Amino acid sequence: MVSFKYLAIIIFSLSFFASCGRVTAQNLQQWNTNTEKTLIDLSELQYGGPGKDGIPSIDNPEFVSNSQAGKWLSDKEPVISLVSGGEARAYPLQILIWHEIVNDRISGEPVLVTFCPLCYSAIVFERTVDGEVLEFGVSGLLRNADLVMYDRKTETFWQQFTGRAIVGDYVPSRLKQIPSQIISFKQFRDSYPDGKVLYRETGFDKNYGSNPYAGYDDVDNPPAFLEGVETGKLPPMEKVIGVKMGKKTKGYPYSITKEEKVINDNFGNTQIVVFHMDGALSALDETAIAESREDGSTGVFKRKIEGQTLTFELRSNNIYDIQTQSQWNITGKAVDGPLKGTQLKTVTYGDYFAFAWLVFWPKTEIYKHK
């Protein structure tokens with residue numbers, strides 16, 4: 001049964017789609033996008049409500065310490081954790097839910113931090129293309145219910161879920177994804193005591209901490225702004241941990257990972273481990289994010305350390321490897337035992353609604369209970 005809180009979103013998406021319809025080259029005339037160069041049929045694009053930059057990107061982000069952020073960010077609120085060049089940053093979803101894009105630099109490298117609430121897709125990319133640093137904005141368009149970004153140099157449209165240029169001069173370029181993970185603020189703070197947190201004094205008047213999509217994150221709901229697409233393998237709004245290596249993809253349903261918590265698996269020729277521990281709240285459940293249900297935090301890592309393949313297990317709600325009896329945390333770091341201080345290599349993955357993962361990667365393998 002569809003939740004009453006979510007009915008308004010459904011009614012809006014259906015009425016808006018009916019009134020505005022699909023996109024054509026003619027009604028993109030206000031854009032400087034090269035519509036002659038495209039990977040898709042323009043009719044696959046649809047209007048998502050706010051127009052170009054109606055959802056404002058954050059282009060000059062400021063950061064504060066963990067202790068300062070703790071004055072307005074609760075322990076279990078979800079953050080995108082990004083670590084690069086020895087620097088750690090947290091991007092709270094209570095901010096990203098209102099902006100969807102942060103153009104940033106970490107350790108001097110230009111990065112693009114993105115979050116599409118409709119797909120629950122938090123994805124980080126390098127934003128240097130062909131040697132040039134691009135700045136991105138929110139187009140106001142959707143494809144398969146996913147955020148369509150645009151770069152402010154050529155106004156090429158980019159698919160957030162895949163990082164692919166889909167219409168415009170940069171077709172068929174693809175942004176390089178950078179590993180990141182959604183964890184709780186406390187887990188970030190404990191793992192990276194010197195880390196920095198995106199400050200919510202952004203220059204925009206937004207109700208940070210509240211969720212404008214209240215009730216959306218419910219496995220019984222239909223996806224918004226998506227019609228005529230069959231996902232089949234899983235309930236559309238179940239969350240999955242999606243892993244992609246090269247051309248291979250695999251989805252680990254939350255209904256299984258929440259129960260198993262630690263999964264040692266073989267992905268192609270790579271030995272990986274999937275963690276799903278207590279931690280982060282959903283950003284799209286209750287109106288107040290801090291009052292939402294707990295979905296937990298996830299991590300996916302390679303199991304090989306200095307030539308040795310480790311096997312992990314759960315004991316007393318803590319993660320240990322069998323070979324050395326070292327204890328590990330959700331960020332893939334050994335916090336106790338012979339391997340203390342060792343960091344597992346992160347695998348590029350994400351937490352997504354199943355419909356999004358299956359629409360963009362329809363041939364994906366689905367993990368099942370062993």
Side-chain angles (χ1 to χ4, degrees), residues 55-117 120-127 136 138 177-212 277-286 288-292 294-299 329-333 335 343 346 350-351:
I55 297 174
S57 61
I58 297 176
D59 303 325
N60 297 292
E62 296 184 8
F63 293 83
V64 296
S65 67
N66 284 320
S67 60
Q68 289 174 301
K71 297 175 183 177
W72 46 267
L73 190 61
S74 66
D75 279 356
K76 290 195 172 185
E77 282 199 54
V79 301
I80 302 171
S81 173
L82 175 63
V83 182
S84 178
E87 193 172 345
R89 290 188 177 177
Y91 302 81
L93 292 191
Q94 66 154 261
I95 299 176
L96 265 292
I97 204 171
W98 293 98
H99 295 279
E100 302 191 3
I101 287 177
V102 180
N103 291 287
D104 196 13
R105 288 177 182 266
I106 182 169
S107 297
E109 295 299 319
V111 296
L112 175 64
V113 182
T114 70
F115 178 62
C116 176
Y120 214 86
S121 48
I123 307 176
V124 181
F125 302 100
E126 294 181 2
R127 57 184 177 96
F136 289 81
V138 179
Q177 187 174 346
I178 303 171
S180 62
Q181 64 183 144
I182 297 177
I183 57 179
S184 73
F185 171 52
K186 182 180 186 303
Q187 288 167 329
F188 176 84
R189 186 180 64 219
D190 290 347
S191 297
Y192 311 108
D194 296 324
K196 299 296 183 181
V197 182
L198 179 66
Y199 192 27
R200 65 177 184 176
E201 292 296 327
T202 61
F204 297 97
D205 184 18
K206 301 293 183 181
N207 191 15
Y208 299 124
S210 69
N211 164 28
M277 305 296 289
D278 296 341
L281 306 174
S282 167
L284 300 176
D285 179 31
E286 297 294 336
I289 295 175
E291 297 175 2
S292 294
E294 184 172 334
D295 265 355
S297 302
T298 67
N329 68 11
I330 192 63
T331 65
K333 186 175 182 178
V335 294
Q343 177 67 54
T346 305
D351 301 273

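Source: prediction; values computed, not measured.
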Supply the atom-to-atom distance W72 CH2 to E77 CD, rounded to the nearest 0.5 angstrom.
-> 8.5 Å

Are any of the side-chain heavy atoms of W98 and F115 separated by less than 4.5 Å?
-> no

Does the S297 side chain pair with the main chain of A280, one donor and one acceptor, at a distance under 3.5 Å?
-> yes

Considering residues at least two apart in sequence or located in another chain, which fulfil the side chain to side chain contact (heavy atoms under 4.5 Å, CB included) criterion with P193?
-> none

Sorted by chain and number, sequence neighbours left out, side chain to side chain donor-acceptor pair (under 3.5 Å) with S107 holds for E87

Mark yes or no for whether R200, through its side chain, and N207, through its backbone, hold a donor-acceptor pair below 3.5 Å.
-> no

Do side-chain atoms of D278 reach the backbone of G296 as a donor and acceptor pair under 3.5 angstrom?
-> no

Quick one: does N329's side chain have a donor or acceptor within less than 3.5 Å of a partner on G332's backbone?
-> yes

Just jot down the salt bridge (Lys or Arg N to Asp or Glu O under 4.0 Å) partners of D295, sequence neighbours excluded, or say none.
-> K239, K258, R293

Rounded to the nearest 0.5 Å, the CD atom of E100 sits from the SG atom of C116 at a distance of 6.0 Å

Might you point out which heavy atoms bring G279 and Q187 nearest each other, and give the distance in Å?
-> CA-NE2, 3.7 Å

Partner residues of E126 under the side chain to side chain contact (heavy atoms under 4.5 Å, CB included) criterion, sequence neighbours left out = K176, I178

Distance-only, no hydrogens or angles: does the R127 side chain make a donor-acceptor pair with backbone N or O of P110 under 3.5 Å?
-> no

Could I get the full list of side chain to side chain contact (heavy atoms under 4.5 Å, CB included) partners for E109, not counting sequence neighbours?
-> none

Residues in side chain to side chain donor-acceptor pair (under 3.5 Å) with E62, at least two apart?
-> none

When rounded to the nearest 0.5 angstrom, what distance separates CD1 in I95 from CD in E201?
-> 9.5 Å

Aromatic centroids of H99 and F204 separated by under 6.0 Å = yes

Go through the structure and list residues passing salt bridge (Lys or Arg N to Asp or Glu O under 4.0 Å) with K196, not counting sequence neighbours.
-> none

Side-chain touch F136/F125, heavy atoms, less than 4.5 angstrom = no

Euclidean distance, Q343 CD relative to S191 OG, rounded to 0.5 Å = 8.5 Å

Measure the shortest side-chain to side-chain distance between V197 and S65 over non-hydrogen atoms and say whether it is less than 4.5 angstrom.
-> no

Mind checking whether L93 and I80 have side chains closer than 4.5 Å, heavy atoms only?
-> yes

Could you go through the side-chain contact (heavy atoms from CB on, under 4.5 Å) check for F188 and N66 one step at a time?
-> CA-CA 9 Å; F188 176 84; N66 284 320; 3.5 Å; yes

Give the intermediate values and the outcome of side-chain contact (heavy atoms from CB on, under 4.5 Å) for residues Q94 and L73.
-> CA-CA 9 Å; Q94 66 154 261; L73 190 61; 3.5 Å; yes

Heavy-atom distance under 4.5 Å between the side chains of L284 and Y120, does that happen here?
-> yes

All heavy atoms of F63 vs all of A90, minimum pair found to be CE2-O, 4.5 Å

With sequence neighbours left out, what residues match Q181 under side chain to side chain donor-acceptor pair (under 3.5 Å)?
-> none

Hey, mind stepping through V102 and L96 against side-chain contact (heavy atoms from CB on, under 4.5 Å) and telling me if it holds?
-> CA-CA 8 Å; V102 180; L96 265 292; 4.0 Å; yes

Closest approach of S74 to F185 (non-hydrogen atoms, all atoms of both residues) = O-CB, 3.7 Å

Taking every heavy atom of I330 against every heavy atom of G299, the minimum-distance pair comes out as CD1-N, 4.1 Å

Kindly indicate whether the side chain of P56, heavy atoms from C-beta on, has any atom under 4.5 Å from the side chain of I58.
-> no

OG on S292 to CG on L281, rounded to 0.5 Å | 6.0 Å

So do V124 and L112 actually touch side chain to side chain, heavy atoms under 4.5 Å?
-> no

Where the side chain of E291 meets the backbone of A288, is there a donor-acceptor pair that is under 3.5 Å apart?
-> no

For Y91, side chain to side chain donor-acceptor pair (under 3.5 Å) partners two or more places apart = D104

Between atom CG of D351 and atom CD1 of I123, what is the distance when rounded to the nearest 0.5 Å?
-> 10.5 Å

Do L198 and R89 touch side chain to side chain, with heavy atoms closer than 4.5 Å?
-> no

Using salt bridge (Lys or Arg N to Asp or Glu O under 4.0 Å) as the criterion, list what pairs up with K76, not counting sequence neighbours.
-> E294

Walk me through it: do T202 and Y208 pass the test side-chain contact (heavy atoms from CB on, under 4.5 Å)?
-> CA-CA 10 Å; T202 61; Y208 299 124; 2.6 Å; yes

Those residues that, when tested against S57, pass side chain to side chain contact (heavy atoms under 4.5 Å, CB included) (two or more places apart) = D59, I101, N103, R152

What pairs with R189 under salt bridge (Lys or Arg N to Asp or Glu O under 4.0 Å), at least two apart in sequence or on another chain?
-> D75

